[in-house]
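Note that the structure is a prediction, hence the values are computed from the model and not measured. So you know, we letter chains A, B, ... as the sequences are listed, proteins then strands, and number each from 1.
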Amino acid sequence: MLLDDVAGASAQVAATRSRLAKRAVLVDVLRRAAGDGAQDVAIVSRYLGGELRQRRTGLGWRSLAAMPGPADVPTLTLRDVDAAFAHMAGLSGPGSATARTDAARALFAAGTEREQHLLRGLVSGELRQGALDALLLDAVAEAAGVPADAVRRAAMLAGETEAVAVAALTAASPDDARAALDAFTLTVGRPVRPMLAQSAPDVATAVAQLAGITDAPAAQVVVDTKLDGIRIQVHRDGDDVRVYTRSLDDITARVPEIVAAVRALPARTLVLDGEALALDADGRPRPFQETASRSATRDADLAASATLTPFFFDVLHVDGRDLLDAPLHERLAVLDQVAAPHVVERVVTSDAAAAAEHFRAVVAAGQEGVVVKAADAPYEAGRRGSAWVKVKPRHTLDLVVLAVERGSGRRSGTLSNIHLGARDPAGGFVMLGKTFKGMTDEMLAWQTQRFRELEVADDGWTVTLRPEQVVEIAFDGLQRSTRYPGGLALRFARVLRYRDDKAAADADTIDTVRSHLA
DNA sequence: TTCCGACAGTGGGGTCGCAAT
DNA sequence: ATTGCGACCCCACTATCGGAA
């Protein structure tokens, strides 16, 4: 199969907003790939899902700045392209960046216009065709003649889509495809996609949301402490322990202390879900940046200078027993038995006030917040299910917009990403970060016009403003910054509303911001 | 007929390792 | 030694489609 076939399909998918029409295009190209064999199905399913098959190629958006013009006639086969990226991914050492760029040039020179567009999207990870993994899974189901639920479940348990697409689409019949999908079961040593949480503004709202979905008579909820670290999924088979991140990256070699902790637990086989973070001598959590630094380093000496402590909040398998479909309260009973010293602190209650009290207590102890969970819900791998709801404290500030950047994609033509400054009592403003979050289309339209009125300079990307417009910003906390002059940056800043009732002189000062550090 | 769950998009700050400068 | 890039870690929020109610 030619890359051009996939490029054409991707363009068709991007050209319609109807998800059914997108799916129909995906189904057609998946069926054609199936006729060309398993390898083409593997490549097509990756590319239509917006990814290359190579996890890291060393090639990114910036490397593609100077690529040659397009070819007139499509000649690239999918296998050519996959082999080219595999080659690039394998390069390392002095001269490798040049060799990689040369290989990319040769590949792009052979690509037609729409093929180049597809390649850019795959390399940058921003295909922007309005369809990624979820719609692709639906298309795989339709193309193979099997229920969408069966494909989705297989992909969640496999931790990936490619193998599932190949199994479903290379089967001789829908019955065979169904059997092939059912063969994807929870396997110790193969990570599953982690269950995710929705969010709520406060504990009472979270409890009320769960009351709507649970069948438990007293509407019991589990209130788990939410730790500010990195998500880990740990598999143990005897002495063999593997540690995976939320994106299912294997980081076992970087975290020997977690391996040791899990080896010491009283079970032969285990699959645990939890969080790892750096603690100080008193057991209080260190800032997220320290956990991130420690978990990212591959240097053994650096790694030894700080340790991560694992805490688990779920168990998916223990000694031959799968627990994915067991209700949470059952899983937690097992978790308490097998992971006792490393279990996240929790409260189980039907009383919203008790849940709120736990939230206050854990935040006072320096933790990030809580996750409120339906006690009778199964583990929904890979889904942002309604059974888990996270709650975190929210801070707000009134800041001044210092500049604004042009938007891209559906925000093209608007002024989108705003630069935020706190008032400096000594004069001027101190920039604390940027945000594009929380804006409705109406706000985007309004601010695009408003900021043109305040414009003092425009370099083609960023428009500098007279510092007059006040905006109310929500954020999760402050972090140390080497990028911004105050040495501080807002974490997860988002717009709540523009404050036309306030002048810049009424905005919060950098001193007020610092007081949030306590 | 209306409602709402799920998805994709639009980007944020920080950290590391590596190759080039 | 410093800088720029790629790859990940954490992520919030809105608009939209189409099935559920």
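Both A:Gly229 and A:Thr440 lie near DNA chain C, and the one whose nearest nucleotide falls closer to the 5' end is A:Gly229. Looking at which nucleotide of DNA chain B each of A:Phe492 and A:Thr297 is closest to, the 5′-most match is held by A:Phe492. Between A:Val495 and A:Gly58, the residue anchored nearer the 5' end of DNA chain C, judged by the nucleotide with its closest heavy atom, is A:Gly58.
A close approach under 4.0 Å does not occur between any side-chain nitrogen or oxygen of A:Arg410 and OP1 or OP2 of C:dA15. In this structure, A:Ser481 reaches the B:dG14 phosphate: one of its side-chain N or O atoms is under 4.0 Å from OP1 or OP2. Between A:Ser295 and the phosphate of B:dC16, there is no side-chain N or O to OP1/OP2 separation shorter than 4.0 Å. In this model, the phosphate group of C:dC5 is approached by a side-chain N or O of A:Arg62 to a distance below 4.0 Å at OP1 or OP2. For the pair A:Arg56 and C:dA7, the criterion of a side-chain N or O lying under 4.0 Å from OP1 or OP2 is not met. Applying the 4.0 Å criterion to OP1 and OP2 of B:dG13, one finds that A:Gln479 has every side-chain N and O outside that range. Within the 4.0 Å cut-off from OP1 or OP2 of B:dG13, not a single side-chain nitrogen or oxygen of A:Lys437 is found. The phosphate of C:dA12 has OP1 or OP2 within less than 4.0 Å of a side-chain N or O from A:Lys390. Using a 4.0 Å cut-off, some side-chain N or O of A:Arg152 falls inside it from OP1 or OP2 of B:dC7. Listed pair A:Asn417 / B:dG12 meets the phosphate criterion, a side-chain N or O lying under 4.0 Å from OP1 or OP2. Distances shorter than 4.0 Å separate some side-chain N or O of A:Arg494 from OP1 or OP2 on C:dC13. Between A:Thr245 and C:dC8 there is no side-chain N or O to OP1 or OP2 distance below 4.0 Å. Residue A:Ser416 places at least one side-chain N or O under 4.0 Å from the OP1 or OP2 atom of B:dG11. Contact annotation: A:Ser293 does not reach the phosphate of B:dG14 (side-chain N/O to OP1 or OP2, under 4.0 Å).
Summarising the geometry, the separation between CZ on A:Arg23 and C1' on B:dC7 is reported as 14 Å, rounded to the nearest angstrom. Separating the CE atom of A:Met443 from the P atom of C:dT14 is a distance of 9 Å, rounded to the nearest angstrom. Across the protein-nucleic acid pair, A:Lys434 atom NZ and C:dA12 atom P stand 20 Å apart, rounded to whole Å.
When both distances must be under 3.5 Å, the Watson-Crick or G-U wobble mate of B:dC7 does not exist.
Backbone-only contact: A:Ala97 has heavy atoms under 4.0 Å from sugar-phosphate atoms and none from a base. As judged by a 4.0 angstrom heavy-atom cut-off over every strand, A:Ala292 is placed among residues making no nucleic acid contact. Heavy atoms of A:Thr291 sit nowhere under 4.0 angstrom from any nucleic acid atom. Within 4.0 Å (heavy atoms only), A:Ser386 reaches no atom of the nucleic acid at all. Residue A:Thr435 is out of contact with every strand shown, counting any heavy-atom pair closer than 4.0 Å. As judged by a 4.0 angstrom heavy-atom cut-off over every strand, A:Thr98 is placed among residues touching the sugar-phosphate backbone only. As judged by a 4.0 angstrom heavy-atom cut-off over every strand, A:Asp228 is placed among residues making no nucleic acid contact. Note on A:Gln129: only backbone sugar-phosphate atoms sit closer than 4.0 angstrom, heavy atoms only; bases stay farther off. Residue-level contact check: A:Lys392 touches the backbone only, with heavy atoms under 4.0 Å from sugar-phosphate atoms and none from bases.
A donor-acceptor contact shorter than 3.5 Å links the side chain of A:Thr291 to the backbone of A:Ala278.
Environment of CZ in A:Arg452: crowded, with over 12 heavy atoms of neighbouring residues, nucleotides or ligands closer than 6.0 Å.
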